[in-house]
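Data first, discussion second: the structure below is written as structure tokens.
One is the number of the first residue; the rest follow in order along the sequence. Whatever order the structure lists them in is the order used to number ligands and atoms, beginning at 1.
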Amino acid sequence: MSKIRVGVVGCGAIGREHARRIANLIPETELVGVADFFQEAAEKTAAQFGVKAYASAEELIHSDDIDAFFITSSDPSHAGYVLEGLKAKKFIFCEKPLAQTSSDAEAIIKAELELGKKYVQVGFMRRYDRGYSEMKRIIESGEIGDPLMIHSAHRNVSQAPGFLSNSAITQVAIHELDISRWLLDDEYEEAQVLEVRQSKSTKGDWKNPLIVTMKTKSGQRIDVEVQCSEAFAYDIQCQVVCEDGLVNLPDPMQVTVRKDAKIKKGLMTDWAQRFIEAYDIELAAWAKSIAENGEPNGPNSWDGYVACCTADALIKSRETGVPEKVLTIDKPELYK
Ligand code: ISE
């Protein structure tokens with residue numbers, strides 16, 4: 001079978017990482033070209049992989065040499081490129097978030113429904129992390145009873161320039177919005193951001209830390225501590241409390257060093273390293289599902305849309321100070 005010919009839109013760190021996977025790790029794919037808002041960045045990455053630098057994202061998306069493309073550009077550009085890709089009937093792998101607002105994500109759902117087939121996958125890579133996958137398997141087995149609540153923490157050492165106050169929700173907490181509903185297999189009723197005493201590292205109108213909470217339709221509660229920056233490490237914690245027991249996300253493997261009458265064990269500082277294996281598994285599964293079944297089978301536009309609706313409710317609750325309803329359209333048949 002011929003290879004899936006892939007382009008990458010956005011040549012920042014995650015774009016180059018995905019380009020490397022497409023070019024070197026995944027047998028079903030071939031890297032054909034890249035594009036970036038800054039032509040120099042596109043040319044540098046193209047030279048690194050020996051592929052074409054397109055003059056614009058639109059040119060790459062509409063090229064007859066491309067079957068599928070990755071969106072790894074800045075968050076506000078995602079929704080527009082997804083819509084462009086649907087016009088061109090290309091498979092689209094869009095890094096999270098799918099859009100900046102639920103109305104932009106809804107436009108994507110409508111465009112995809114008109115095509116009657118799934119073209120879009122959203123980069124919620126945690127679903128492919130071995131720790132989270134095992135937690136889901138245990139919850140679904142029923143061996144520790146029904147899930148009642150989740151306690152999570154998402155702690156970062158730093159953020160790239162351009163980070164805004166609501167990026168804490170749309171860029172950081174968005175992973176928790178997806179992984180929690182995936183683990184619980186339930187939808188959200190309401191969501192709220194809780195105020196907490198601010199740490200000395202709070203910058204401008206960023207709130208650091210924040211507590212993000214959600215309540216599901218069946219009454220489960222989720223609380224997430226979000227530290228956008230200056231945390232002691234890149235540290236992701238998740239504990240699902242069930243009726244008869246609980247399940248914890250394991251820390252990544254680290255060796256221990258014994259010295260000076262102490263045991264030392266390192267923590268990570270970088271999210272790309274923390275989830276490197278999850279990204280590998282995610283991209284391999286994406287390519288395999290397209291090659292074998294003609295459509296992606298990972299987190300889809302609906303999942304991206306629900307995350308945006310939940311983010312909208314959280315952003316609204318920052319203004320109102322009370323829990324806000326998570327409002328969605330009815331789930332279309334295509335995503336059931
Ligand atoms: C980044 O964009 C990610 O997706 C990481 O997973 C997250 O932990 C980090 O805070 C974001 O900036």
For atom 9 (C) of ligand 1, the closest protein heavy atom turns out to be N156 OD1, 3.3 Å

Examine ligand 1 and decide if any of its atoms is less than 4.0 Å from a heavy atom belonging to R126. no

Can you tell me if F232 has over 12 outside heavy atoms packed within less than 6.0 Å of its CZ?
yes

Paired with R274, the side chain to side chain donor-acceptor pair (under 3.5 Å) test is passed by just one of D235, D129, T269, namely D129

Inset, instruction - Tell me, with the steps shown, if D280 and R21 meet salt bridge (charged side-chain N to carboxylate O under 4.0 Å, His left out). - result: CA-CA 7 Å; D280 289 349; R21 293 186 174 94; 2.6 Å; yes

Y188 side chain reached by C309 side chain, heavy atoms, under 4.5 Å:
no

Next item on the list: Report yes or no: does a heavy atom of Y234 sit under 4.0 Å from some atom of ligand 1?
Entry: yes

Ligand 1 to Q171, heavy atom cutoff 4.0 Å, flagged ligand atoms 2 (O), 11 (C), 12 (O)

**Prompt:** Quick one: is the NZ or CZ of K52 closer than 6.0 Å to the six-membered ring centre of Y54, and within 45° of its axis?
**Reply:** yes

min-distance protein heavy atom vs atom 7 (C) of ligand 1 -> H154 NE2, 3.5 Å

shortest atom 12 (O) of ligand 1-to-protein heavy-atom contact is with Q159 OE1, 2.7 Å

N or O contact, K96 vs ligand 1, cut-off under 3.5 Å: yes

Under 4.0 Å from one or more heavy atoms of H175, ligand 1 contributes atoms 3 (C), 4 (O), 5 (C), 6 (O)

In T216, T310, V306, D186, the residue satisfying side chain to side chain contact (heavy atoms under 4.5 Å, CB included) with R181 is V306

